[in-house]
Amino acid sequence: MTHILAIDQGTTSSRAILFDEDMRPIRTAQQEFRQHFPASGWVEHDPEEIWKTVSDTCREVADGVEIAAIGITNQRETTLVWDRATGKPVCNAIVWQDRRTADTCAALKKAGHEDLVTDRTGLLLDPYFSATKLSWILDNVEGARARAEAGELAFGTVDTFLIWRLTSGARHVTDATNAARTMLYDIHAGAWDAGICALLNIPMSMLPEVLDCAADFGTTDLLGGRVPILGVAGDQQAATIGQACFKPGMMKSTYGTGCFALLNTGEVPVASSNRLLTTIAYQLDGKTTYALEGSIFIAGAAVQWLRDGLGIIKDAAQTGDMAASADPAQEVILVPAFTGLGAPYWDADCRGAVFGLTRGSGPKEFARAALESVGFQTRDLLEAMQADMGGGADAVLRVDGGMAASDWTMQFLADITGAAVDRPTVLETTALGVAWLAGMTAGVYPDQDGFARRWALDRRFEVRMDGTTRDRRYAAWQDAVHRTLSRP
């Protein structure tokens with residue numbers, strides 16, 4: 001048995017990808033599922049629909065193939081609670097995008113608890129993470145708190161719920177990367193934090209056992225025979241692994257709807273002075289490797305806005321040629337704060353703005369501004385990471401995600417950051433990361449060093465812009481951002 005099945009459970013769809021003995025994706029199945037918006041700022045998923053899309057896609061790609069092992073990667077922070085006896089969820093999953101606990105987080109900040117949370121978990125006190133979502137479920141679903149205190153209910157992020165279902169309730173487990181995103185896990189002690197659980201009135205009996213990213217998570221008979229689950233990581237950490245960013249100072253950036261950049265900091269968890277997140281990159285053989293993470297809310301979504309909001313393009317692929325032919329004398333700047341700005345600003349109340357318009361500004365200039373905004377925002381993150389690391393970051397950025405296919409965007413990214421940009425031959429880095437974890441544990445794939453050697457470059461984008469122009473363009477971006485922020 002030389003095939004590995006990767007489950008990639010995302011925010012809008014579930015995918016199953018079959019990898020062969022050479023770590024090449026050979027079959028893919030994907031199913032979307034519904035998004036539920038029961039109130040303003042609320043986002044929910046039906047756990048049963050998630051489970052059905054996962055099980056259906058797995059059966060589709062595994063048909064007629066013997067599977068050596070399964071790896072799971074998942075949307076992070078999304079929160080589920082279910083009955084231990086029946087496996088039935090007590091309510092819909094509360095998605096990472098959900099903001100219903102903003103007032104709770106504001107009250108906890110006002111009471112002076114954010115420093116404790118950040119010191120122990122590496123995270124900001126924000127409704128983005130799982131902890132206050134779980135507390136909300138216990139307080140608002142009828143009978144949930146009493147049942148939880150009686151030991152009848154289990155909590156988990158999406159990986160934990162899937163493993164519970166795949167193993168027919170035999171295993172209640174997660175991995176260190178997903179645990180680190182709950183705002184309940186002490187990333188220094190490597191254990192659930194009793195103090196934060198008490199602060200939020202969360203029974204610790206609800207929490208899963210935390211394992212390495214490569215470990216025995218149980219076995220499933222979903223595909224007929226008994227297949228082990230041997231690799232688990234949250235989606236952005238899985239992409240970091242898939243990009244073989246195993247050395248301190250190595251960086252990866254994933255460009256989808258938004259953008260997530262992770263910088264490997266090695267065995268040392270670096271506390272950020274620039275409102276980045278300190279998190280676990282991966283944990284292997286009981287050894288934890290840490291990362292700094294920066295989040296950009298709007299990357300590819302800016303291109304979607306050009307298509308769906310302004311109607312000036314029909315397809316995202318048009319934007320590269322449009323940007324290349326835009327008037328070079330115009331330097332239109334788009335600050336895409338459609339849902340606020342993420343790291344390092346964390347300003348949820350500011351909104352998007354466009355600067356530098358002239359009578360000659362048209363669709364080409366808007367297209368260029370949208371693509372350039374991704375590069376400018378990435379430099380914001382890299383500047384913050386460099387400051388936190390004292391300049392100890394790599395001069396090469398490994399990229400993946402849909403926007404990484406745009407040559408124009410990647411060239412501007414290299415130019416404005418002053419760092420070479422490496423695009424790999426395999427852009428399915430998230431699924432590849434957990435496929436390697438599972439395959440390596442099963443003895444099908446090479447060890448960490450062997451995997452790193454097999455990372456293959458599609459194209460390197462070298463810096464072409466001179467330093468004076470780069471600094472002038474970035475200074476104009478910073479001025480535009482500060483004019484957009486809701487507070488000084």
Side-chain angles (χ1 to χ4, degrees), residues 47 74 76-91 93-94 96 101 104-105 107-108 111-165 167 169-213 215-218 232 234 269 278-280 283 286 288:
N74 55 285
R76 303 174 303 173
E77 298 97 17
T78 295
T79 301
L80 300 95
V81 175
W82 62 92
D83 187 290
R84 289 184 180 274
T86 66
K88 183 178 179 180
V90 302
C91 61
I94 302 181
W96 60 272
T101 61
T104 299
C105 291
L108 290 168
H113 296 300
E114 184 164 46
D115 286 347
L116 167 70
V117 169
T118 300
D119 289 346
R120 296 185 184 177
T121 69
L123 309 177
L124 301 175
L125 215 169
D126 194 272
Y128 177 28
F129 306 107
S130 309
T132 54
K133 302 179 195 297
L134 172 55
S135 182
W136 187 94
I137 290 172
L138 296 179
D139 289 336
N140 290 275
V141 174
E142 184 177 358
R145 181 165 296 284
R147 294 171 66 193
E149 291 173 350
E152 297 175 5
L153 300 183
F155 153 76
T157 43
V158 170
D159 59 304
T160 301
F161 177 70
L162 292 179
I163 294 168
W164 180 282
R165 285 291 178 91
T167 63
R171 301 299 301 274
H172 184 210
V173 293
T174 189
D175 85 295
T177 69
N178 278 295
R181 309 299 296 191
T182 61
M183 210 172 75
L184 296 171
Y185 190 74
D186 187 328
I187 63 172
H188 310 283
W192 298 113
D193 189 272
I196 298 176
C197 288
L199 178 67
L200 295 173
N201 200 16
I202 293 171
M204 295 188 72
S205 60
M206 298 185 72
L207 308 180
E209 179 185 358
V210 181
L211 306 179
D212 286 354
C213 298
D216 180 4
F217 291 88
V232 176
T278 305
T279 194
I280 293 176
Q283 184 170 301
T288 302

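Predicted, not measured: the structure shown is a model, and the values here were computed from it. We use all heavy atoms of the structure for the numbers below, so side chains are in, but hydrogens, waters and symmetry mates are not.
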- Between His188 (side chain) and Asp119 (backbone), is there a donor-acceptor pair under 3.5 Å? yes
Check residues 189-196 and write down every donor-acceptor pair under 3.5 Å in which the side-chain atom is one partner and the other belongs to a residue at least two apart or another chain.
from: Trp192; atom 1: NE1; to: Pro208; atom 2: O; distance (Å): 2.8
from: Asp193; atom 1: OD1; to: Arg120; atom 2: NH1; distance (Å): 3.0
from: Asp193; atom 1: OD1; to: Gly195; atom 2: N; distance (Å): 3.0
from: Asp193; atom 1: OD1; to: Ile196; atom 2: N; distance (Å): 2.8
from: Asp193; atom 1: OD2; to: Arg120; atom 2: NH1; distance (Å): 3.1

- Task: Measure the shortest side-chain to side-chain distance between Cys213 and Thr177 over non-hydrogen atoms and say whether it is less than 4.5 angstrom.
- Result: yes
- Message: For Cys91 versus Pro47, what's the shortest heavy-atom pair and its separation?
- Response: O-CG, 3.8 Å
- Query: Tell me, do Val232 and Thr174 make a side-chain contact under 4.5 Å, heavy atoms counted?
  - Reply: no
- Message: Return the OG1 to CG distance between Thr121 and Leu116, rounded to the nearest 0.5 Å.
- Response: 8.5 Å
- Task: Could you list all the salt bridge (charged side-chain N to carboxylate O under 4.0 Å, His left out) pairs where at least one residue sits in residues 172-190, not counting sequence neighbours?
- Result: Glu77-Arg181, Arg181-Glu293
- Would you please name every residue forming a ring pair (Phe, Tyr, Trp, His ring centres under 6.0 Å) with Phe161, sequence neighbours left out? Trp82
- Note on the structure: For Glu209, the side-chain contact (heavy atoms from CB on, under 4.5 Å) test, sequence neighbours excluded, returns Arg171, Val173, Leu211
- Message: Can you list everything that forms a side-chain contact (heavy atoms from CB on, under 4.5 Å) with Thr278? Sequence neighbours excluded, please.
- Response: Ile187, Pro269, Leu292
- Go through the structure and list residues passing side chain to side chain donor-acceptor pair (under 3.5 Å) with Thr157, not counting sequence neighbours. Asp159
- Using the test salt bridge (charged side-chain N to carboxylate O under 4.0 Å, His left out), find all partners of Asp126 that sit at least two apart in sequence or belong to another chain. Arg99
- Would you sort out whether Arg84 and Leu153 count as a side chain to side chain contact (heavy atoms under 4.5 Å, CB included), showing the intermediate values? CA-CA 5 Å; Arg84 289 184 180 274; Leu153 300 183; 5.9 Å; no
- Please step through side chain to side chain contact (heavy atoms under 4.5 Å, CB included) for the pair Leu108 and Glu114, ending with a clear verdict. CA-CA 7 Å; Leu108 290 168; Glu114 184 164 46; over 6 Å; no
- When rounded to the nearest 0.5 angstrom, what is the spacing between CG in Leu134 and CD1 in Ile94? 8.5 Å
- Any donor-acceptor pair under 3.5 Å linking the side chain of His172 with the backbone of Phe155? yes
- Task: Could you grab the distance from atom CD1 of Ile163 to atom CZ of Arg165, nearest 0.5 Å is fine?
- Result: 13.5 Å
- side-chain contact (heavy atoms from CB on, under 4.5 Å) with Thr288: which residues, sequence neighbours excluded? Ile280, Gln283, Tyr290
- Message: Please check this pair: side chain of Thr182 against backbone of Ser130, looking for a donor-acceptor N/O pair closer than 3.5 Å.
- Response: no
- Item | Between CZ on residue Phe129 and CG on residue Leu124, distance to nearest 0.5 Å | 6.0 Å
- Note on the structure: Distance col, row Leu162:CG vs Phe217:CZ, nearest 0.5 angstrom, shows 12.5 Å
- Message: I'd like to check Val90 versus Ile137 (side-chain heavy atoms, cut-off strictly below 4.5 Å). Are they in contact?
- Response: yes
- Message: Go through it in stages, so that I can follow the logic: the residues are Asn178 and Asn74, the test is side chain to side chain contact (heavy atoms under 4.5 Å, CB included), and I'd like the CA-CA distance, side-chain angles, deciding distance and then a yes or no.
- Response: CA-CA 9 Å; Asn178 278 295; Asn74 55 285; 2.9 Å; yes
- Note on the structure: For residues 198-208, the salt bridge (charged side-chain N to carboxylate O under 4.0 Å, His left out) pairs (sequence neighbours left out) are none
- Item | Within-4.5 Å side-chain heavy-atom neighbours: Leu184 and Leu200 | yes
- Within residues 136-153 or reaching into it, pairs that qualify as side chain to side chain donor-acceptor pair (under 3.5 Å) - sequence neighbours excluded: Asp83-Arg147, Asp139-Arg145
- Query: Mind checking what makes side chain to side chain donor-acceptor pair (under 3.5 Å) contact with Thr78, not counting sequence neighbours?
  - Reply: Gln75
- Kindly indicate whether the side chain of Met206, heavy atoms from C-beta on, has any atom under 4.5 Å from the side chain of Leu138. yes
- Mind checking what makes side-chain contact (heavy atoms from CB on, under 4.5 Å) contact with Cys105, not counting sequence neighbours? Thr101, Leu125, Pro127, Thr132
